[in-house]
Amino acid sequence: MISRMSTMFLRTLRDDPADAEVPSHRLLVRGGYVRRIAPGVFSWLPLGYKVFRNVERIVREEMDKAGFQEVHFPSLLPREPYETTGRWTEYGENLFRLKDRRDNDYLLGPTHEEVFTLMVKGEYSSYRDLPLSIYQIQTKFRDEARPRAGILRGREFVMKDSYSFDVDHEGLEASYERHRKAYISTFDRLNLDYVIVSAMAGAMGGSRSEEFLASAEVGEDTYVKCSCGYAANVEALIIPMAKFNPELNLDADLPSSHVEETPQTPTIDSLVAVSNARTDLARPDRAWLASDTLKNLLLMVTDASGNDRPLAIGVPGDREVDMRRLEAALYPEVARPFEEADFAAYPMLAKGYIGPQILGKDSESEIEFLTDPRIVRGTRWITGANVSGKHVFDLVFGRDFESDGIIDVAEVIDGDTCNECGGHLEKARGIEIGHIFQLGTKYAEALGLKVLDENGELVTVTMGSYGIGVSRAVAAIAEQHHDDKGLVWPREISPADIYLVAAGKTPEIFAAAEDLAEQWDALGLRVILDDRMGVSPGVKFNDSELLGIPTIVVVGRGLEKGVIEVKDRVSGERADVSVDTVVADVHRICTT
RNA sequence: CGGGGCGUAGCGUAGUGGCUAGCGCGCCUGCUUUGGGAGCAGGAGAUCGGGAGUUCGAAUCUCCCCGCCCCGACCA
């Protein structure tokens, strides 16, 4: 089809909007693709809606190709099913709730496990009907505490969500694999550069779970990748246990521990500096490092029933505890750092100088003590002496202290060891564009979705849940496909194949442009014809680049000599093409 | 929810107690111009986020509220 700039409902902005930071937000607003209408709520303007629908179409085609069936649920949902599964309260503040005129509770669906489960329950009752995978492309609502980055994280967004239903775990595995494959072909077609990382199932419940992360600096998820192909969300990353020498004689081969006066060493850095500066403390073989110190952190952990218990965590002093990894490790329990009142309840803890000698279930404090996987038999540490102003040196794990177990929650640092190949991990940021879960029986159990198996026994259906952020994918593509001039859409995503500029004022130029537009249109190409009168060529060129259409054709001063200019948006290369061949040439460019 | 920044026309902004709130872009009219965000002339467009207060006088000072952006907390 032909879209004409002279009549299109579009206004591009010369300046970046002041409230937009990330490239996708900035460029989608500047290009007139989207406009904000409320916090985290956006409208799609004509050009933006074309892009959105292209992404949606690709997602739909890939789902259909995989054999999943599309349905459409309401966004407005009754409270009851969500009450049954506990999510009416579990979802908390993020759930958009409303009441009807009779004071009944409703919600705007954040995700649709409940109603899908109930629908299948209403129709199916035999194992013969399974497996089944159904999906919808729907507007979702989450009252995010802080919407941000334009349409990357909104309160209203469009998601493709699928649900699989199987009689047993083998079936679930197969359904999961089918979705995984469909997601790979979908994101490949969307021209996204992404990784698949193992993830935590989190609040969704269930077991196996992987995230598809589109690499982008502005991404909210941190993951690690290795040259061997291993990738993981930092929350789910497993750090290998440090190697140790079982032959080592801890008493004979290692110096014995000794307590030292170390005033003015409130931080790890100052402790290391003092240890190296004092000749009586210096190591003969090398300087002390922050990683030779042992940092012990006190937390108060609250379980699902609201009961508190203290927990001590020991990590090498060169790293912080990563709160997201901690949260993932303790889930469903939640933790917070010790406060003054907590320290008051444990007078044996000398704040800032806590050492493992008094930690552990069997110790004086009876506080459970978990340690980082790098802390193994024979490792020697500088750590607090449980007396203010004193540290203990050469405290050896396995000889001078033990822990109650391993906890892997220290922050991940570039260069950390890969658990798969032993190589070096690299940290990166990504946008979560897809997430696949094995839910298991959580929802089917709660809502009573059972079928008769071949033995006539009732079995609870096992489910999977699979999401793709459709609107978010548009922003993710924009993040990965832009330059300093504007957007650079992959052709299948682009709102048009050709941006055709009439650069000049003569009727001949406009007539020639109109003629070309019609010829390409007849060949099935999508053309934006910049037929604006009285707009200087510079404006048209800039808009053509800002809007990011892959092929730009200029009808202008070359027309007299019989040439048309054809530009490639990605490479910036331009070529003069004869008017006689330009239709076929551009058609070929656009279709190969 | 905590910390920081901000709110003046569709967009970007100037304006720290004093005349009719200024400028650029965009928009309208006319003329000129047409290969990289044109020129001249004229014009429309502002509850200065909202409310209360201080003052002879408030965009400007005070208080409360609302909203936006960033960081954190939170986040299938």
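In what follows, chains carry the letters A, B, and so on, assigned in the order in which the sequence lines appear, proteins first and then strands, with residues in each chain numbered from 1.
- A cation-pi arrangement is found for A:K567 relative to A:F541, the charged atom lying closer than 6.0 Å to the ring centre and inside a 45° cone about the ring normal.
- When the C1' atom of B:C75 is taken as reference, atom CZ of A:R472 falls 9 Å away, rounded to whole Å.
- An OP1 or OP2 oxygen of B:G24 is reached within less than 4.0 angstrom by no side-chain nitrogen or oxygen of A:R14.
- Across all strands shown, B:A38 forms a Watson-Crick or G-U wobble pair, both distances under 3.5 Å, with B:U32.
- Ion pairing between A:R532 and A:D530 holds under the 4.0 Å rule for side-chain N and carboxylate O.
- Regarding contacts with the backbone of B:U34, every side-chain N or O of A:S536 stays at 4.0 angstrom or more from both OP1 and OP2.
- Contact annotation for A:V535: base contact, defined as any heavy-atom pair under 4.0 Å involving a base atom.
- Taking atom P on both nucleotides, B:G67 is separated from B:G24 by 34 Å, rounded to a whole Å.
- Here A:D16 lies in heavy-atom contact (under 4.0 Å) with sugar-phosphate atoms only.
- A centroid separation of 6.0 Å or more is found between the aromatic rings of A:F437 and A:Y466.
- To the nearest angstrom, P of B:C11 lies 17 Å from CG of A:L546.
- A salt bridge links A:R180 to A:E210: at least one charged side-chain nitrogen sits closer than 4.0 Å to a carboxylate oxygen.
- Across all strands shown, A:A149 has heavy atoms under 4.0 Å from sugar-phosphate atoms exclusively, and none from any base.
- Residue-level contact check: A:R148 touches the bases, meaning some heavy atom is under 4.0 Å from a base atom.
- As rounded to the nearest Å, B:C31 and B:C48 have P atoms that lie 38 Å from one another.
- Distance noted for atom P between B:C75 and B:G37: 50 Å (whole Å).
- Base contact: A:K567 has a heavy atom under 4.0 Å from a base atom.
- A:N542 has its CG atom 14 Å from the P atom of B:G35, to the nearest Å.
- Rounded to a whole Å, the CZ atom of A:R574 is 13 Å from the P atom of B:G35.
- Under the 6.0 Å distance and 45° angle rule, A:R35 does not count as a cation-pi partner of A:W44.
- Across all strands shown, B:G45 forms no Watson-Crick or G-U wobble pair with both distances under 3.5 Å.
- Between the NZ atom of A:K540 and the P atom of B:G36 there is a distance of 13 Å, given to the nearest Å.
- Using atom P as the reference point in both B:C66 and B:C19, the two lie 33 Å apart (nearest Å).
- Rounded to whole angstrom, the span from the NZ atom of A:K505 across to the C1' atom of B:G35 amounts to 14 Å.
- Checking B:A73 for Watson-Crick or G-U wobble geometry (two distances, each under 3.5 Å) identifies no partner in any strand.
- Contact check on A:E220 versus A:R429 returns no salt bridge, with no Lys/Arg side-chain nitrogen under 4.0 Å from an Asp/Glu carboxylate oxygen.
- Across all strands shown, B:U55 remains unpaired; no Watson-Crick or G-U wobble contact has both distances below 3.5 Å.
- Comparing the C1' positions of B:C11 and B:A46 gives an interatomic distance of 14 Å, to the nearest angstrom.
- Rounded to a whole angstrom, the distance from the P atom of B:G4 to that of B:G15 is 23 Å.
- As rounded to the nearest Å, B:C40 and B:G36 have C1' atoms that lie 22 Å from one another.
- With both pairing distances under 3.5 Å, B:U20 is matched to nothing as a Watson-Crick or G-U wobble pair.
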